[in-house]
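Encoded as structure tokens, the structure appears first; notes follow it.
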Amino acid sequence: MSETKTIYKTSEPQSSPLGAGGQIIQDNQDYTLFSWSKQKGTDPIAVKYGEGVYFCDYDGKRYLDFSSGLMNVNIGHGNQRVTEAVMKQMQEVAYVTPGCVTKVRGELGKKLAEICPGDLNKAFFTLCGASSIENAIKLARLYTGRHKILSRYQSYHGSSNGAMSASGDPRRLPMDAQQAPNFVHFDLPYLYRWEYGVETQDSASLRKESVSSLERIIGYEGANNIAAILLEGQSGSSGCFLYPNGYLKAVREICNKYGILLIMDEVMSGFGRTGKWFGFQHHDIVPDMIAMAKGLTSGYLPFGCLMVSDKIASKYDDTVLPLGLTYSAHPVCCAAALEILKIYEDENLIENAAAMGKYIDAQIEKLKQKHQSIGDWRNTGLLGCLELVKNRKTKEPMAPFNAKPGEMVVMNKVAVKLRELGMYTFVRWSFIFIAPPLCITKEQVDEGLEMITEAIKIADKSIV
């Protein structure tokens with residue numbers, strides 16, 4: 001006989017001061033855990049519905065989503081074409097084992113091969129960005145017979161053990177003692193804080209030093225021990241740091257020279273986010289593997305993909321490929337992804353991302369004249385962030401890297417003001433991220449920048 005669990009409430013439900021969504025918030029706080037947060041004192045938004053670049057809470061307050069959720073809702077909220085595609089697939093078959101095939105699995109794989117450059121023609125479907133990275137790392141080691149993975153400080157590749165160990169993000173520090181072995185990090189400075197060159201993105205000195213530093217590390221670690229170099233297609237939540245011109249080409253050449261695989265993490269920067277299908281396409285290279293997620297289904301369903309070159313895949317024509325996931329190539333997720341790829345094309349979203357990115361760049365230049373706290377603006381397409389400083393000459397950040405709570409006073413006030421004004425976006429350390437859905441219009445950009453300019457007035461008061 002099964003047991004019945006009784007949940008005892010300490011008090012009768014009462015009307016919440018949080019408004020119409022109060023009970024929803026309370027249930028979530030009582031019975032669920034929140035990511036990257038202290039569990040007491042959370043103040044989430046109870047979201048009722050979303051459409052386009054907006055979502056609304058249960059009190060009817062509308063928020064402009066200026067970070068596309070977590071830089072994943074690329075097509076915007078509430079596109080019913082995805083709902084219809086998912087419903088149709090579920091009415092046919094909702095799950096098959098990965099050893100079986102579906103029509104939509106083959107169609108999606110074929111479409112991804114079409115949009116990926118070079119010989120990146122084989123798709124291994126995963127569940128999310130972290131599982132794409134984990135399988136990329138595993139496959140790189142299996143294929144090369146080597147064990148070390150090189151990746152960048154100030155990068156993020158996911159929160160699972162291997163992906164977090166590969167990351168150069170301070171969120172990995174609490175689990176340093178338990179991190180996976182054989183990950184080596186290297187530094188890649190960004191121009192705004194590069195002390196030895198002029199502040200132009202084609203700074204030869206920065207590129208030269210960055211490439212030389214990487215080659216030295218390869219020498220120290222032993223090229224024959226290195227399976228892969230893992231890099232983001234375009235830097236994201238670490239600060240949207242731009243690669244020096246020619247840097248990724250040089251990395252590709254280094255990989256070719258030493259037989260090292262190049263894995264590009266396009267989880268955040270992929271699927272039109274930067275104004276091209278993939279961030280690395282701004283640098284005229286072709287990697288050996290691409291890790292995908294986020295924009296692949298625009299957050300409508302959890303899904304990911306590892307795109308692999310024919311050269312790597314052919315090794316397993318007559319050898320067992322030791323990768324597997326219960327939900328690999330889930331037909332419902334495949335259906336969502338295939339429809340979303342069509343939406344990118346039908347609605348010209350990638351072209352719009354490029355155009356709106358240029359428009360935002362121009363508008364930010366005007367904001368710099370109004371706000372002395374804006375130190376730097378880094379952007380590619382619709383993946384950008386403002387870096388706020390206390391002093392433009394010294395470049396002292398408004399909040400330091402990996403800031404402690406007491407060092408976030410000003411930026412927290414900025415974040416609170418943005419939310420009060422009706423904006424949802426990612427504020428981290430001294431950064432305000434601007435990464436709206438790709439369907440955004442000029443009028444909606446202006447609406448968002450007006451909120452940001454109002455909030456930044458708080459930071460301007462801390463100029464020294």
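Count residues from 1 along the sequence.
Looking at heavy atoms from C-beta onward, K294 lies in side-chain contact with L70 at the 4.5 angstrom threshold. Proximity of P405 to M408: side-chain heavy atoms (C-beta onward) are nowhere separated by under 4.5 Å. Looking at heavy atoms from C-beta onward, S238 lies out of side-chain contact with Y190 at the 4.5 angstrom threshold. Residues M71 and F433 form a side-chain contact, since some pair of their non-hydrogen atoms from C-beta on lies under 4.5 Å apart. Considering only heavy atoms from C-beta on, Q444 comes within 4.5 Å of Y54 through its side chain. Taking 4.5 Å as the limit, every side-chain heavy atom of I452 sits out of range of all side-chain heavy atoms of L421. Proximity of M87 to M90: side-chain heavy atoms (C-beta onward) are nowhere separated by under 4.5 Å. The closest side-chain heavy-atom distance from L382 to I360 is below 4.5 Å.
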Test log, rule salt bridge (Lys or Arg N to Asp or Glu O under 4.0 Å), inputs E84 and R81: CA-CA 5 Å; E84 292 165 6; R81 284 179 56 176; over 6 Å; no

Residues D169, R171; criterion salt bridge (Lys or Arg N to Asp or Glu O under 4.0 Å); working and verdict: CA-CA 5 Å; D169 188 281; R171 282 174 286 184; 3.0 Å; yes

Derivation of the salt bridge (Lys or Arg N to Asp or Glu O under 4.0 Å) call for K342 and E345: CA-CA 5 Å; K342 293 175 183 176; E345 294 179 329; over 6 Å; no

Side chain to side chain contact (heavy atoms under 4.5 Å, CB included) evaluation trace for L64 with T425: CA-CA 8 Å; L64 175 59; T425 197; over 6 Å; no

Full working for side chain to side chain contact (heavy atoms under 4.5 Å, CB included) between M292 and M307: CA-CA 8 Å; M292 310 171 177; M307 211 67 186; 3.7 Å; yes

Steps toward side chain to side chain contact (heavy atoms under 4.5 Å, CB included) verdict (E92, V104): CA-CA 11 Å; E92 293 175 2; V104 71; over 6 Å; no

CA sep, side-chain torsions, deciding dist, call: V211, I254, side chain to side chain contact (heavy atoms under 4.5 Å, CB included): CA-CA 9 Å; V211 172; I254 289 169; 3.9 Å; yes

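For CE of M175, the number of neighbouring non-hydrogen atoms (other residues, nucleotides, ligands) closer than 6.0 Å is greater than 12. Shown here is Y316, whose OH atom has more than 12 heavy atoms of other residues, nucleotides or ligands within 6.0 Å. The number of heavy-atom neighbours closer than 6.0 Å to OH of Y424, taken from other residues, nucleotides and ligands shown, is 12 or below. The environment of OH in Y49 is sparse: at most 12 heavy-atom neighbours from other residues, nucleotides or ligands sit within 6.0 Å. Within 6.0 Å of NZ on K315 lie more than 12 heavy atoms contributed by other residues, nucleotides or ligands.
In this structure, K148 contributes its side chain and I218 its backbone to no donor-acceptor pair below 3.5 Å. Not one N or O on the side chain of H147 forms a donor-acceptor pair closer than 3.5 Å with the backbone of I226. Although no hydrogens or angles enter the test, the distance criterion places a donor-acceptor pair under 3.5 Å between the side chain of S67 and the main chain of G69. The closest donor-acceptor contact from the side chain of Q234 to the backbone of C240 lies at 3.5 Å or more, if one exists at all. A donor-acceptor pair under 3.5 Å is absent between the side-chain atoms of S328 and the main chain of G324, judged by distance alone. Looking at H330, its side chain does come within 3.5 Å of a backbone N or O of V332 through a donor-acceptor pair. A donor-acceptor contact shorter than 3.5 Å links the side chain of E266 to the backbone of G279. Checking side-chain atoms of S165 against main-chain N and O of Q179 turns up no donor-acceptor pair under 3.5 Å. Judged by distance alone, with hydrogens and angles left aside, the side-chain atoms of D65 form no donor-acceptor pair with the main-chain N or O of V53 at under 3.5 Å. Within the 3.5 Å criterion, the main-chain N or O of P322 finds a donor-acceptor partner in the side chain of K138.
The CD1 atom of I25 sits 11.5 Å away from the CG atom of D30 when rounded to the nearest 0.5 Å. The CD1 atom of I45 sits 7.0 Å away from atom CG of D57, with the distance rounded to the nearest 0.5 Å. Distance check: W377 CH2 to I434 CD1 gives 4.0 Å after rounding to the nearest 0.5 Å. Taking CZ of F303 as the reference point, atom OH of Y327 lies at 14.0 Å (rounded to 0.5 Å). Distance CG/N74 to OG/S68: 6.0 Å, rounded to 0.5 Å. To the nearest 0.5 Å, atoms CE (M423) and CD (E447) are separated by 8.0 Å.
Between the side chains of E339 and Y300, not a single donor N or O lies within less than 3.5 Å of an accepting N or O. Using a 3.5 Å distance cut-off with no hydrogens or angles, the side chains of Q29 and T42 do pair a donor with an acceptor. For the 3.5 Å distance criterion, the side chains of H282 and T380 fail to qualify, holding no donor opposite an acceptor. Using a 3.5 Å distance cut-off with no hydrogens or angles, the side chains of N245 and R207 do not pair a donor with an acceptor. Looking at T453 and E450, their side chains never bring a donor and an acceptor atom within 3.5 Å of each other. Side-chain contact, S160 with E134: a donor N or O sits under 3.5 Å from an acceptor N or O. A donor-acceptor pair shorter than 3.5 Å cannot be found between the side chains of S235 and R378.
Under the rule for a salt bridge (charged side-chain N to carboxylate O under 4.0 Å, His left out), the partners of K249 that lie at least two apart in sequence or sit in another chain are D284.
Across R152 and L188, no two heavy atoms sit closer than the pair NH2-O, 3.1 Å. Of all heavy-atom pairs between C385 and G239, the closest is SG-O, 3.2 Å. Nearest heavy-atom pair across G381 and N379 is O-ND2, 3.0 Å. For the pair H157 and S155, the tightest heavy-atom approach, listed with the atom from each and the gap, is NE2-OG, 3.5 Å. In terms of heavy atoms, Q154 sits closest to E232 at O-OE1, 4.2 Å. Listed here is the closest heavy atom pair of C333 and T297: O-CG2, 4.0 Å.
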List, one per line, each side-chain donor-acceptor pair under 3.5 Å for residues 122-130, sequence neighbours excluded.
unit_1, atom_1, unit_2, atom_2, d
T126, OG1, C128, O, 3.4
T126, OG1, S132, OG, 2.7
T126, OG1, G304, O, 3.4
T126, OG1, C305, N, 3.3

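Under the 30°/60° scheme for interplanar angles, the aromatic rings of Y344 and F271 are found to lie parallel. Ring geometry, F278 versus F280: the interplanar angle falls under 30°, so the pair is classed parallel (tilted spans 30 to 60°). F55 and Y63 have parallel rings, their planes meeting at less than 30° on a 0 to 90° scale where 60° marks the start of perpendicular.
Note that R141 lies in the cation-pi zone of F183, set by a 6.0 Å cut-off to the ring centre and a 45° limit from the axis.
Contact check on D176 versus R172 returns a salt bridge, with a Lys/Arg side-chain nitrogen under 4.0 Å from an Asp/Glu carboxylate oxygen.
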